[in-house]
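These notes are about the structure you will find just below.
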Amino acid sequence: MAAGEDLLWDADDKGMRMVPRLRRIGVTAGFLGFFGLLLWTDSNAAWALYAGAFYLLGEIVHWGWDRRRLVEARIVPGEAGGPARLRLRRVGGQITEHDPHQAVRVLVIHDNVHDLAKLRLSLHGRQLLFGRPGRPPALTAWRHACPRADVGDRAARWGMPGIPD
């Protein structure tokens with residue numbers, strides 16, 4: 001970490017998880033091929049093809065959404081002594097820098113079971129950014145780094161497993 005950088009968010013898992021995802025897609029494609037052959041024999045298994053196709057579509061959509069999730073947020077010094085910048089790194093490796101004053105809302109959602117939290121970051125004029133689960137950050141660092149943002153936290157809205165709400 002360079003001098004003057006403050007870590008605001010650090011996800012536990014920063015990888016793309018491509019091997020398990022490719023394995024699931026490969027198995028599903030194999031079953032689709034098998035059920036496609038069954039359809040050629042005048043079987044009534046069209047539902048299986050539709051279910052597999054919907055699963056593959058869902059997996060592709062989840063991959064596109066997951067690769068945009070935040071895994072790291074830092075405050076870095078500006079170039080040539082300029083104002084500090086908010087540097088966001090996503091799962092896919094994309095790094096963007098923003099003015100910290102553009103942060104509108106920072107919400108940390110604490111897990112009810114594990115000592116983890118999820119980040120919801122809203123920037124002015126942009127969509128809501130989601131962070132992968134990580135250790136709960138100190139809210140004072142966010143309040144200091146993004147003075148105009150509404151910084152808060154809350155517990156998750158679901159109960160512990162096995163205990164009815």
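The model shown is predicted, which means the values in this text are computed figures rather than measured ones.
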Query raised in the report: Roughly how far apart are H110 NE2 and D153 CG, rounded to 0.5 Å?
Result: 3.5 Å
**Report entry** hydrophobic_cluster_shared for W142 and I109, side chain cutoff 4.5 Å
**Finding:** no
Query raised in the report: How many angstroms lie between CG in L119 and CZ in R132, if you round to the nearest 0.5 Å?
Result: 13.5 Å
**Report entry** Considering all heavy atoms, the nearest L70-W9 contact
**Finding:** O-NE1, 4.0 Å
Query raised in the report: Measuring from K118:NZ to L107:CG, what's the distance to the nearest 0.5 Å?
Result: 12.0 Å
**Report entry** P137 and V108, any side-chain heavy atoms less than 4.5 Å apart
**Finding:** yes
Query raised in the report: Is any side-chain heavy atom of L88 less than 4.5 Å from a side-chain heavy atom of L123?
Result: yes
Requested in this report: State yes or no: do L7 and L116 share one hydrophobic cluster built from I, L, V, M, F, W and Y residues joined by side-chain heavy-atom distances below 4.5 Å, directly or via other members?
Outcome: no
Query raised in the report: Is it the case that more than 12 heavy atoms not belonging to H101 sit under 6.0 Å from its NE2 atom?
Result: yes
Query raised in the report: Measuring from E72:CD to R87:CZ, what's the distance to the nearest 0.5 Å?
Result: 9.0 Å
Report task. Kindly determine whether I75 and L86 satisfy side chain to side chain contact (heavy atoms under 4.5 Å, CB included), including the steps that lead there. Result -> CA-CA 5 Å; I75 288 291; L86 179 62; 4.0 Å; yes
Query raised in the report: Is L139 reachable from L121 through a run of hydrophobic residues whose side-chain heavy atoms are each under 4.5 Å from the next?
Result: yes
Query raised in the report: With sequence neighbours left out, which residue pairs that include part of residues 102-115 fulfil the salt bridge (Lys or Arg N to Asp or Glu O under 4.0 Å) condition?
Result: R105-D150, D115-R135
Query raised in the report: At what distance, to the nearest 0.5 angstrom, does CZ of R69 lie from CZ of R90?
Result: 12.0 Å
**Report entry** For P100 against A145, the heavy-atom pair lying closest together
**Finding:** CB-O, 3.2 Å
Query - Gap between atom CZ of R85 and atom NE2 of H98 - 0.5 Å precision - result: 8.0 Å
